[in-house]
Amino acid sequence: MLQYHFIPEFHLEAGPQIGFLVAAKAKNDGNSVNLKDDYKGVDFGLGFGLGYTFDMGLGIGARYNFGLTDVYDGNSDDSYKNSVAQFGVYYVIGKKKR
């Protein structure tokens, strides 16, 4: 993600995202069905976010990622794309106090 700082504490970010399929399973009544062959192995997307870093180096951030790739590889005319909202807490090591 590329970050742009309007002021030292506040940033906006945007950039590309790539995701890799690790597993795809459906579970029902103790039975598990592997669905991995029905989905594509790679997903490309874009992400946007913002964050704020406090003087002590502790920060908060939020990000939204949306997929550009139709991830379903099965027999359907519908489009299936990923989307994820993320909220986080982070710490910047070596942040200079004002």
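- The two residues Ala14 and Phe48 have their closest heavy-atom pair at CB-CD2, 3.7 Å.
- Formation of a donor-acceptor pair under 3.5 Å by the Ser83 side chain with backbone atoms of Phe66 is not found in this model.
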Give every donor-acceptor pair under 3.5 Å between a side-chain atom in residues 18-40 and any protein atom, sequence neighbours left out.
| from | atom 1 | to | atom 2 | distance (Å) |
| --- | --- | --- | --- | --- |
| Asn34 | OD1 | Lys36 | N | 2.9 |
| Lys36 | NZ | Val22 | O | 3.3 |
| Lys40 | NZ | Asp70 | O | 3.1 |

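- The salt bridge (Lys or Arg N to Asp or Glu O under 4.0 Å) pairs that include a residue from residues 77-91 number zero, where partners must be two or more places apart or lie in different chains.
- When every heavy atom of Thr69 is checked against every heavy atom of Asp43, the shortest pair comes out as CB-OD1, 3.3 Å.
- Looking only at side-chain heavy atoms (C-beta outward), Leu58 and Thr53 stay at 4.5 Å or farther from each other.
- Connection of Ile7 to Leu12 is established within a shared hydrophobic cluster, with ILVMFWY side chains joined at heavy-atom distances below 4.5 Å, either directly or through further cluster members.
- Applying the side chain to side chain donor-acceptor pair (under 3.5 Å) rule to Gln86 yields the partners Asn65; only residues at least two apart in sequence or on another chain are considered.
- Val89 and Leu50 fall within the same hydrophobic cluster, defined by Ile, Leu, Val, Met, Phe, Trp and Tyr side-chain heavy atoms under 4.5 Å apart, directly or through other members.
- Hydrophobic clustering of Ile, Leu, Val, Met, Phe, Trp and Tyr side chains at less than 4.5 Å, counting indirect connections, keeps Phe10 apart from Met1.
- Remark: Gln3 CD to Glu13 CD distance equals 5.0 Å, nearest 0.5 Å.
- Phe87 and Phe54 end up in different hydrophobic clusters when Ile, Leu, Val, Met, Phe, Trp and Tyr side chains are linked at under 4.5 Å.
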